[in-house]
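Down below is the structure, laid out as structure tokens.
Everything numeric in this text was worked out from a predicted model, so none of it was measured. Every number for a ligand or one of its atoms is a count from 1 in the order of the listing.
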Amino acid sequence: MDIRLANQAVKDVQGDALVVGAAYKKVGQHTKDLVLAGAARDVDSLLGGLIHAISSDGEFRGDQGELLTLHPAGQLAVKRVIVVGLGAQEKIDVRVMHRASATAARHLQQTGAHQVTLAVPAEEFNIDLAESVQAEIEGALFGLYTFKKYKHTSAGGNGPGITSVNLLAGTANSAALERAMRRGSVLAEATNFARDLVNEPPNVLTPSELANRAGAMATQFGLECEILDRARMQELGMGGLLAVAQGSAEPPKFIILRYRGAPQSSEGGIALVGKGITFDSGGLSIKTAEQMQTMKTDMGGAAAVIGAMSAIAALKPAINVTALVPTTENMPGGSAYRPGDILRIMNGKTIEIDNTDAEGRLVLADGLSYAVKEGLAPIIDVATLTGGIVVALGTVMTGLFCNDQTLCDELIAAGKVAGEKYWPMPLDEEYEEDIQSDIADIKQTGGRTASSAKAAKILEHFVGDAQWAHLDVAGTNYIDYQKPYQEKGATGVTVRTLAEFVLRRAE
Ligand code: BES
Ligand code: ZN
Ligand code: ZN
């Protein structure tokens, strides 16, 4: 894909399509006026007020995600103009730009366009030009993502798809805009890499294959990669990961990726820990057929941290970051771990098992203990941890559990820039009561109520004194229906937030 900044007049834009944005502002209670800015206004006047006329007829209102196609038939150099709705003018932000760009790009992909130009409105809509450039390219590449490698014919495909994207930013090519464009494409590619990992079927993406893919990425981007095998896990006392792996024919792996952007620093650096269950059958506490259907996605946390590392390695912030990924299947084989078992985690704590389907906290317990032992901080884990968070927040928001208010604020702020939403969840002392065990240090689960918070309280036992955040992405990691801006399947959620967070910490 050829991506570049363009600085030309609207009438000179060539290629298959020019995408411009249109917002609305409310006048009175029931009427909305279309708001055209920058390139959209130029198109409108070059075509004799056509967009406004169409809007007055009620054909196009500027609502979020709405699309209008114009065929200027020789009046402009470009073959078509797509007007994409941005919604209420005062609510336009990075997330709106991201979605609008993704929606338009997907539409163009499906309707035979190859060379497209995206106009970047900014000042008129009160958003920073560089941020807008980043959001548009990120959105376009995110929107164009598909996962069709196992289909012989990509049904609905239309030739080679989009081959070049120009960003019409209105001003001369400045270094800041070039940087924003690069950031946007790196972050989108890292997100799509994570989506690929999650979308792979579980017979292909085994723990060993996940380790291979992480290793290949590390070689490509110049990261250090170390893969611990079962024998090494035994030496280290990783009783959680080893127990979950017992019932599976596939060997577990513990993936370590190291990025050293501050080799002189005395601090260990940031730890990103991802839950890597490549298939969660529930183990002996087996799931129903329906619950099991999407459980190849239970390594979404792992995919996110591996994806984020690729972006970090490409963008080279001056800070150290380590990704830790305990990965295994959770299967009900003859040697599977059982309810009633007591496990010893790497940091020495014992845990009484009462449901083998609560396996995520066990593998994370070893991952977090490893981070503490290496002196890493802050520690951020990402996990498809609980069904409870899906009930609470749906597919809209990721649950954010954090033992430090500053870290919590930083992650929410990074999420705003990345266009990803986080909702703060509680870690109050009282939740601890339900995870007491009579015969071990803690009990694995705490009943049906507040299951996400109690799972987070379990994790807290393994982070020592470190600043720590836990992102429960069980609801946001995957959508099982198509959206105008997003292919059905993996979302790559948190990749962009994590990368943005790391970049900010390095500044
Ligand atoms: N992988 C699941 C959580 C999950 C549910 C992810 C739905 C994505 C969508 C996790 O391992 C699990 O099964 N959690 C149980 C724990 C319970 C048995 C204590 C849950 O939350 O229901
Ligand atoms: Zn489970
Ligand atoms: Zn799970």
Side-chain angles (χ1 to χ4, degrees), residues 198-199 202 205 207 210 240-241 243-248 250 252 273-304 325-332 336-341 343 351-367 381-399 401 425 431 434-435 437 442-459 470-481 489-491 493-494:
V198 175
N199 284 332
L205 199 98
L210 183 60
L241 176 54
V244 175
Q246 269 171 220
S248 167
E250 291 290 335
V273 183
K275 170 178 171 181
I277 302 296
T278 61
F279 187 74
D280 183 9
S281 71
L284 292 176
S285 312
I286 200 160
K287 289 181 184 292
T288 64
E290 202 194 335
Q291 286 170 335
M292 214 185 286
Q293 240 162 36
T294 55
M295 281 302 134
K296 70 169 185 182
T297 66
D298 211 20
M299 34 58 71
V325 175
T327 175
T328 175
E329 290 183 328
N330 184 26
M331 299 290 271
Y337 80 127
R338 299 147 285 247
D341 284 0
L343 314 178
I351 178 162
E352 180 190 359
I353 300 307
D354 58 12
N355 187 323
T356 63
D357 196 11
E359 82 298 337
R361 60 202 74 187
L362 305 175
V363 306
L364 285 174
D366 281 324
D381 77 72
V382 188
T384 47
L385 202 63
T386 62
I389 208 74
V390 189
V391 175
L393 304 177
T395 60
V396 179
M397 297 230 175
T398 294
F401 297 85
M425 299 289 290
Y431 294 113
D434 290 345
I435 54 168
S437 164
I442 45 174
K443 190 152 64 83
Q444 182 201 18
T445 71
R448 266 170 44 80
T449 61
S451 64
S452 309
K454 288 170 194 166
K457 288 305 275 185
I458 300 269
L459 299 182
H470 156 57
L471 312 180
D472 193 336
V473 295
T476 48
N477 174 55
Y478 181 85
I479 54 162
D480 60 5
Y481 46 89
T491 61
V493 73
T494 78

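Shown in contact with Thr445 at under 4.0 Å from a heavy atom are these atoms of ligand 1, numbered in order with element: 19 (C). The distance from ligand 1 to the heavy atoms of Ala474 drops below 4.0 Å at these ligand atoms: 6 (C), 8 (C), 9 (C). Within the listing of ligand 1, atoms 11 (O) sit less than 4.0 angstrom from a heavy atom of Glu359. Proximity to Asn355 (heavy-atom distance under 4.0 Å) selects the following atoms of ligand 1: 18 (C).
Using modelled atom types, one side-chain atom of Asp366 and one backbone atom of Leu241 make a donor-acceptor pair closer than 3.5 Å. Thr386 places no side-chain N or O within donor-acceptor distance of the main-chain N or O of Ser451, the cut-off being under 3.5 Å. Between the side chain of Thr328 and the backbone N or O of Pro252 there is no donor-acceptor pair closer than 3.5 Å. Remark: side-chain polar atoms of Asp472 are not paired, donor with acceptor, to backbone N or O of Gly399 under 3.5 angstrom. Formation of a donor-acceptor pair under 3.5 Å by the Gln444 side chain with backbone atoms of Ile351 is not found in this model.
Side-chain atoms of Asn355 and Pro339, non-hydrogen and from C-beta on, never get closer than 4.5 Å to each other. Looking at Asn330 and Met295, their side chains never come closer than 4.5 Å, going by heavy atoms from C-beta outward.
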Discussion item. Set out, in order, the CA-CA distance, both residues' side-chain angles and the distance that settles side-chain contact (heavy atoms from CB on, under 4.5 Å) for Lys454 and Thr449, then state yes or no.
Written reply: CA-CA 9 Å; Lys454 288 170 194 166; Thr449 61; 3.0 Å; yes
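Closest to atom 15 (C) of ligand 1, if we only count protein heavy atoms, is Asp357 O, 4.2 Å. Considering only non-hydrogen protein atoms, atom 17 (C) of ligand 1 sits nearest to Ala358 CB, 4.3 Å.
Under 4.0 angstrom from ligand 1, the non-hydrogen atoms of Asp280 all belong to its side chain. Neither the backbone nor the side chain of Asn330 has a heavy atom within less than 4.0 Å of ligand 1. Contacts between Lys287 and ligand 1, counted as non-hydrogen atom pairs separated by less than 4.0 Å, involve the side chain only. Here Thr386 has heavy atoms under 4.0 Å from ligand 1 in both its backbone and its side chain.
Scanning Met295, Gln291, Lys275 for the heavy atom closest to atom 7 (C) of ligand 1 points to Met295. Here the shortest heavy-atom distance to atom 3 (C) of ligand 1, taken over Leu385, Val363, Val473, Val391, belongs to Leu385. When the options Ser451, Gly475, Gly387, Ala455 are ranked by their closest heavy atom to atom 5 (C) of ligand 1, first place goes to Gly387.
At a cut-off of 3.5 Å, with distance as the only test, no side-chain donor of Ser285 or Asp357 sits close to an acceptor on the other residue. In this model, a donor atom of one side chain and an acceptor atom of the other lie less than 3.5 Å apart for Thr398 and Thr476.
Ligand 1 lies out of reach of Ile389, whose nearest heavy atom is not under 4.0 Å from it.
Protein N/O/S atoms closer than 2.8 Å to the Zn ion (ligand 3): Lys275 NZ, Asp280 OD2, Asp298 OD2, Glu359 OE2.
Residue contacts with ligand 1: Asp298 is placed with a nitrogen or oxygen under 3.5 Å of a nitrogen or oxygen of the ligand (distance criterion only).
Classification of Asp298 and Lys275 as a salt-bridged pair holds, one side-chain N sitting under 4.0 Å from a carboxylate O.
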